[in-house]
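The next block holds one structure in the form of structure tokens; read it before the comments.
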Protein chains: 2
Amino acid sequence: MSDSVEEICRALNLRVTGPRRVIMQVLAEATDHPDTVELHRRVTQIDPSVALATVYRTVKLLEDKKIIERHTFGDGRARYESADHAHHDHLIDVETGDIIEFHSDEIERLQEEIARKHGYKIVSHKLEIFVAPLDKQPKSTSRKARKTS
Amino acid sequence: MSDSVEEICRALNLRVTGPRRVIMQVLAEATDHPDTVELHRRVTQIDPSVALATVYRTVKLLEDKKIIERHTFGDGRARYESADHAHHDHLIDVETGDIIEFHSDEIERLQEEIARKHGYKIVSHKLEIFVAPLDKQPKSTSRKARKTS
DNA sequence: CTACCTGCAAATGTTTTGCCGAGCA
DNA sequence: TGCTCGGCAAAACATTTGCAGGTAG
């Protein structure tokens, strides 16, 4: 997503429109993993006329074209991040909802090995580790932390 | 889920009822990863009077109590499997929707290491590898295989 | 000018919930 | 008998889609 909106659209055979300009800009600037409603919130701060449906449409377009990545992290909504960074997986702090990115060549290698052993090649993969701070006591049945907003 | 419905309910302080009996039986017998609607379909073959809402309620109950595990695998719905087997992760064949279970101590160990390095302990984790058969040619932009049902 | 886009609202698909009668312990 | 359950239908969400007017190329 470091390329200009114009470049990306040209490459994908898409028209450069106002809404797309804003949505792609917001995605490029995001350092977190916003869901579609949050994206729309940010987009409408720049251009209030953009509809939620357009965000959904654009986001799906970009996901199909591998420009962004979709995650789910257990809760209902889909969350997105631009895919231009190197591949990485996620640590999710179940107490705060914080998301830490990490990468392990070693794990990736083992995955390849496992897939090959089963007669497959990897198309993509997703590793999410749900964690809690080391210093905290394990709470018996802590309520699920919903919204961070 | 190898324990009897009675045992499980007693352990969880839940009443043994007809619907629960059937739902837990279906879950115990499932060797795949059915979603809630599919579970309801199977349950109503045994007792047609059980409502979908009850399946949702029971399934959430059992998930909270760690009797079953919930997965999402990208598509909208939640899918379940009983949690009494040893922990494992999943290989998902993107062409057929087939799900293969696997386990790697080595990967698990690396995960622990990564979490610790970041100051966390693991609560749970989820590794999904989306794969395609080795013998097939990589199709440029293959349509996504949706429903296997 | 034409095909692609978009806002709007309605439709869909999934999961949750209120109500109240019914059944387990 | 009391408190939990469960069926039913409506609500609550997240996402998709039909349509009709707008606009990039």
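Naming convention: chains lettered A, B, ... in sequence-line order (proteins, then strands); numbering from 1 in each chain. On a predicted model such as this, the values are computed, not experimentally measured, just so you know.
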Mind checking if [X] touches a base, just sugar-phosphate, or nothing, with heavy atoms under 4.0 Å?
| X | result |
| --- | --- |
| A:Arg20 | sugar-phosphate |
| A:Val50 | sugar-phosphate |
| A:Val16 | sugar-phosphate |

Given [options], which nucleotide is nearest the side-chain atoms of [X]?
| X | options | result |
| --- | --- | --- |
| B:Pro19 | C:dT14, D:dG7, C:dT17 | D:dG7 |
| B:Thr17 | C:dC5, C:dC24, D:dG25 | C:dC24 |
| A:Arg57 | D:dA14, C:dT17, D:dT17 | D:dT17 |

In whole angstrom, what separates [X]'s [atom1] from [N]'s [atom2]?
| X | N | atom1 | atom2 | result |
| --- | --- | --- | --- | --- |
| A:Leu61 | D:dT16 | CG | P | 12 Å |
| A:Asp35 | D:dT15 | CG | P | 7 Å |
| B:Arg77 | D:dA14 | CZ | P | 19 Å |
| A:Asn13 | D:dA24 | CG | P | 17 Å |

Ignoring backbone atoms, test whether [X] places a side-chain nitrogen or oxygen under 4.0 Å from the OP1 or OP2 oxygen of [N].
| X | N | answer |
| --- | --- | --- |
| B:Tyr56 | C:dT15 | yes |
| B:Lys60 | C:dT15 | no |
| A:Ser49 | C:dT6 | no |

Please check this pair: side chain of [X] against backbone of [Y], looking for a donor-acceptor N/O pair closer than 3.5 Å.
| X | Y | answer |
| --- | --- | --- |
| B:Arg70 | B:Ala78 | no |
| A:Thr58 | A:Val55 | no |
| B:Asp89 | B:Leu127 | yes |

| field | Base D:dC3 to side chain B:Arg15, donor-acceptor N/O within 3.5 Å cut-off | value |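 Yes, a donor-acceptor pair under 3.5 Å.
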| query | When the ring planes of B:His71 and B:Phe73 are compared, do they come out parallel, tilted or perpendicular, using 30° and 60° as the limits? | reply |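 It falls in the parallel class, under 30°.
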